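Note that the coordinates shown come from a computational prediction; the quantities given were computed from them, not determined experimentally. Counting starts at 1 for both ligands and their atoms, in listed order. Atom set for the values below is all heavy atoms of this structure, side chains included, hydrogens, waters and symmetry mates excluded.
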Amino acid sequence: MLGGTFDPVHLGHLRSAVELREGLGLDQVRMIPAKMPPLRGEPRVSPEMRLALLRLGIGDTPGLVADPRELERDGPSFSADTLASLREESGGEARLVMALGHDAFLRLASWHAPERLFEFAHVVVIDRPDHEAPLPPALEELVHGREVADAETLMEQPAGKLLRLALPTRMAISATAVRHRLAERRSVRYLLPEAVEARILEGDLYRSH
Ligand code: ATP
């Protein structure tokens with residue numbers, strides 16, 4: 001699972017998803033847009049449009065799947081609930097991984113029921129350029145004793161471990177910077193898949209700050 005706001009999806013997300021799949025030998029990477037992200041402001045465009053852009057961005061990329069399950073649930077989009085439903089579908093023995101960037105990982109201890117995340121899945125932290133801050137104490141405590149050194153050790157168990165992963169391509173692309181560029185009528189070429197860029201420009205999305 002690679003969850004996010006995807007407001008909008010960009011090549012940092014998509015390239016990370018491809019390299020995660022390769023690096024960990026995953027069957028699938030499910031990219032799951034949050035309907036209502038609990039810890040940030042209201043996204044700029046509707047959940048349905050963010051999902052549509054994600055689908056356009058994924059196109060026919062093998063192994064990447066746009067998963068709408070959080071749009072089908074009412075209330076805030078808690079990852080613990082999403083992982084619980086993925087676990088139910090895949091059975092107790094399947095290896096489940098929740099991947100997130102280092103910036104998102106730093107706030108993990110303040111998520112809803114963070115210890116439940118480890119009950120259902122492993123947590124894999126993707127290095128991100130410009131996001132290298134040390135861990136806050138509550139997070140240190142949450143992950144204490146969980147860290148493993150490599151993907152092989154991670155995959156020995158279905159859930160409960162933590163792995164930090166430096167993917168081959170680190171991209172300093174953020175959705176915030178993409179939104180700013182769009183609001184200022186500056187180019188976003190090569191930050192987003194072309195089909196996503198075209199749909200955004202066509203629909204005049206993200207035009208105001
Ligand atoms: P924003 O700038 O609006 O906060 P974002 O670009 O961080 O957005 P999100 O939708 O919040 O995008 O990110 C979803 C997940 O993808 C998070 O775990 C985030 O850390 C990760 N992520 C986002 N951009 C990158 C990137 N360039 N490289 C690696 N991981 C990324």
* To do: Using heavy atoms and a cut-off under 4.0 Å, could you grab the residues that are in contact with ligand 1, chain by chain, numbers ascending?
  => Gly3, Gly4, Thr5, Phe6, His10, Gly12, His13, Ser16, Arg40, Leu100, Gly101, Asp103, Ala104, Arg128, Met171, Ile173, Ser174, Ala175, Thr176, Arg179
Run the salt-bridge test on [X] and [Y] with the 4.0 Å N-O cut-off and return the result as yes or no.
| X | Y | result |
| --- | --- | --- |
| Glu89 | Arg69 | yes |
| Asp127 | Arg170 | yes |
| Lys35 | Asp74 | yes |

* **Whether Phe78 and His112 hold their rings parallel, tilted or perpendicular, with breakpoints at 30° and 60°** => parallel
* Do Val143 and Phe105 come close enough that some side-chain heavy atom pair is under 4.5 Å? -> yes
* Report yes if the side chains of Val65 and Ile58 come closer than 4.5 Å at any heavy-atom pair, otherwise no. =>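 No; the side chains remain at least 4.5 Å from each other.
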